[in-house]
Amino acid sequence: MIRVLLVDDHPVVRRGLRAMVDDFPDVTAVGEAADGAEALLRLAELEQQPDVVLMDLQMGTGMHGVEATRRITALPDPPAVLILTTYSTDADILAAVEAGATGYLLKDAPPQEVAAAVHAAARGETVLAPPVAARLLGRVRAGRPSLSPRETEILQLLAEGLANRQISRRLFISEATVKTHLVHVYDKLGVDSRTGAIAAGLASGLIRPA
């Protein structure tokens with residue numbers, strides 16, 4: 001069973017999200033929060049930690065979604081953070097991705113798309129709504145980065161949810177070598193996080209969806 005924490009400042013929206021999430025196969029909502037600060041408190045209180053946090057971006061005067069995502073992904077063994085919002089500007093998308101969000105969906109997405117995204121996020125995969133992917137693609141088309149075959153291979157394995165140690169075992173190289181390649185990948189793609197690298201790689205066509 002995939003456990004989900006819902007974070008949105010509108011009680012009616014949270015109620016609707018909870019009904020939708022509880023209707024998904026193998027998914028259950030384990031808690032709710034009205035902003036990022038409350039989400040962090042819920043994570044500290046819950047006995048059963050969520051696998052996925054479904055996060056809005058702008059939440060009144062409380063801690064916004066980007067800062068909450070940054071703090072949540074910095075926790076030891078953090079849950080995946082899946083953005084679900086009405087905001088789709090380049091600045092919002094890039095800020096959320098750079099903060100460590102696993103995926104970015106818009107609130108007009110059909111329930112089956114949200115369900116698929118929650119399952120994918122729980123598996124460690126990156127999920128981007130088509131309009132979001134199109135925006136990212138538009139940003140990288142002007143100057144598509146060039147990765148080496150090994151860097152591309154490692155980035156693809158990242159997109160499939162593998163950790164550095166798993167990648168090193170799969171490719172028969174040291175974990176330090178994997179980290180070195182990732183430094184080069186981040187630099188070439190102009191990002192500073194795993195999620196940012198995966199999103200840029202998907203948007204530019206360097207790698208395929210997991």
Side-chain angles (χ1 to χ4, degrees), residues 1-5 26-28 30 39-40 42-44 46-55 65-83 93-105 116-128 132-133 136 140 144-210:
M1 183 68 71
I2 297 172
R3 299 180 296 274
V4 177
L5 175 65
D26 305 321
V27 180
T28 184
V30 295
L40 290 165
R42 292 287 176 271
L43 288 174
L46 288 169
E47 288 187 15
Q48 287 190 316
Q49 288 294 294
D51 303 292
V52 178
V53 176
L54 208 55
M55 177 81 70
V66 170
E67 179 60 25
T69 297
R70 185 176 293 111
R71 296 194 188 191
I72 289 171
T73 56
L75 295 171
D77 193 23
V81 178
L82 182 59
I83 303 297
I93 295 166
L94 292 173
V97 167
E98 289 299 327
T102 298
Y104 199 111
L105 295 179
V118 168
H119 281 84
R123 295 192 299 267
E125 299 171 8
T126 296
V127 185
L128 297 174
V132 172
L136 289 176
V140 301
R144 175 170 170 158
S146 176
L147 302 184
S148 71
R150 178 63 90 186
E151 290 166 350
T152 303
E153 189 175 21
I154 289 174
L155 185 56
Q156 180 64 55
L157 293 175
L158 276 189
E160 293 172 9
L162 273 66
N164 289 0
R165 181 170 298 179
Q166 294 171 307
I167 294 173
S168 71
R169 291 174 178 171
R170 175 78 66 86
L171 300 180
F172 302 102
I173 58 178
S174 71
E175 194 170 347
T177 300
V178 173
K179 291 179 180 178
T180 298
H181 281 304
L182 287 177
V183 169
H184 296 156
V185 169
Y186 291 178
D187 183 59
K188 289 180 178 181
L189 297 180
V191 301
D192 58 11
S193 70
R194 296 167 67 93
T195 305
I198 294 168
L202 290 169
S204 61
L206 290 169
I207 57 174
R208 63 188 184 279

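Note that the numbering runs from 1 along the sequence shown for the chain.
- By the side-chain hydrogen bond (donor to acceptor under 3.5 Å, both in side chains) test, Asn164 pairs with Arg194, sequence neighbours left out.
- Within the structure, salt bridge (charged side-chain N to carboxylate O under 4.0 Å, His left out) contacts touching residues 175-187 (residues at least two apart or in different chains) are Arg165-Glu175.
- Shortest non-hydrogen contact noted between Ala117 and Leu105 is CB-CD1, 3.4 Å.
- The CG atom of Asp51 sits 10.5 Å away from atom NE2 of His119, with the distance rounded to the nearest 0.5 Å.
- Between Val97 and Ala199, the shortest heavy-atom distance links the atoms CG1-CB, 3.9 Å.
- The two atoms that bring Val118 and Ile2 nearest to each other are CG1-CG2, 4.1 Å, heavy atoms only.
- Of all heavy-atom pairs spanning Leu82 and Tyr104, the tightest one is CD1-N, 4.1 Å.
- To the nearest 0.5 Å, atom CZ of residue Arg208 and atom CD of residue Gln156 are 4.0 Å apart.
- For Ala120, the side chain to side chain contact (heavy atoms under 4.5 Å, CB included) test picks out Arg123, Glu125, Val127, with sequence neighbours left out.
- The structure places CD1 of Ile198 at 6.5 Å from CG of Leu155, a figure rounded to the nearest 0.5 Å.
- The distance from atom CE of Met55 to atom CD1 of Ile72, rounded to the nearest 0.5 Å, is 3.5 Å.
- Pro50 and Pro79 make their closest contact through O-CB, 3.3 Å (heavy atoms, listed as atom of the first residue, atom of the second, distance).
- Rounding to the nearest 0.5 Å gives a distance of 12.0 Å between CD1 of Ile154 and CD1 of Ile207.
- No donor-acceptor pair under 3.5 Å is formed between the side chain of Glu98 and the backbone N or O of Val191.
- Scanning for side-chain hydrogen bond (donor to acceptor under 3.5 Å, both in side chains) contacts around Thr28 gives an empty result, with sequence neighbours left out.
- Here the side chain of Thr73 pairs no donor or acceptor atom with the backbone of Ala101 at under 3.5 angstrom.
- Every residue was checked against the side-chain hydrogen bond (donor to acceptor under 3.5 Å, both in side chains) condition with Arg170, not counting sequence neighbours, and none meets it.
- Rounded to the nearest 0.5 Å, atoms OG1 (Thr177) and CG (Leu171) are 10.5 Å apart.
- For the pair Ile173/Arg150, a side-chain contact is recorded, criterion being any heavy-atom separation below 4.5 Å from C-beta on.
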Check your understanding: What do the steps show when you test Val52 against Val27 for side chain to side chain contact (heavy atoms under 4.5 Å, CB included), and what is the final call?
Key -> CA-CA 10 Å; Val52 178; Val27 180; over 6 Å; no
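- Nearest heavy-atom pair, Gly100 versus Thr69, reported as atom, atom and distance to 0.1 Å: C-CG2, 4.0 Å.
- Remark: Glu151 pairs with Leu147, Ser148, His181, His184, Val185, Lys188 by the side chain to side chain contact (heavy atoms under 4.5 Å, CB included) rule, at least two apart or across chains.
- Not counting sequence neighbours, the partners of Thr102 by the side chain to side chain contact (heavy atoms under 4.5 Å, CB included) test are Ala80, Ala121.
- Legend: residues meeting side chain to side chain contact (heavy atoms under 4.5 Å, CB included) with Glu67, ordered by chain and number and at least two apart, are Met63, His64, Arg70, Arg71.
- Residues that satisfy the side-chain hydrogen bond (donor to acceptor under 3.5 Å, both in side chains) test with Arg169, not counting sequence neighbours, are absent from this structure.
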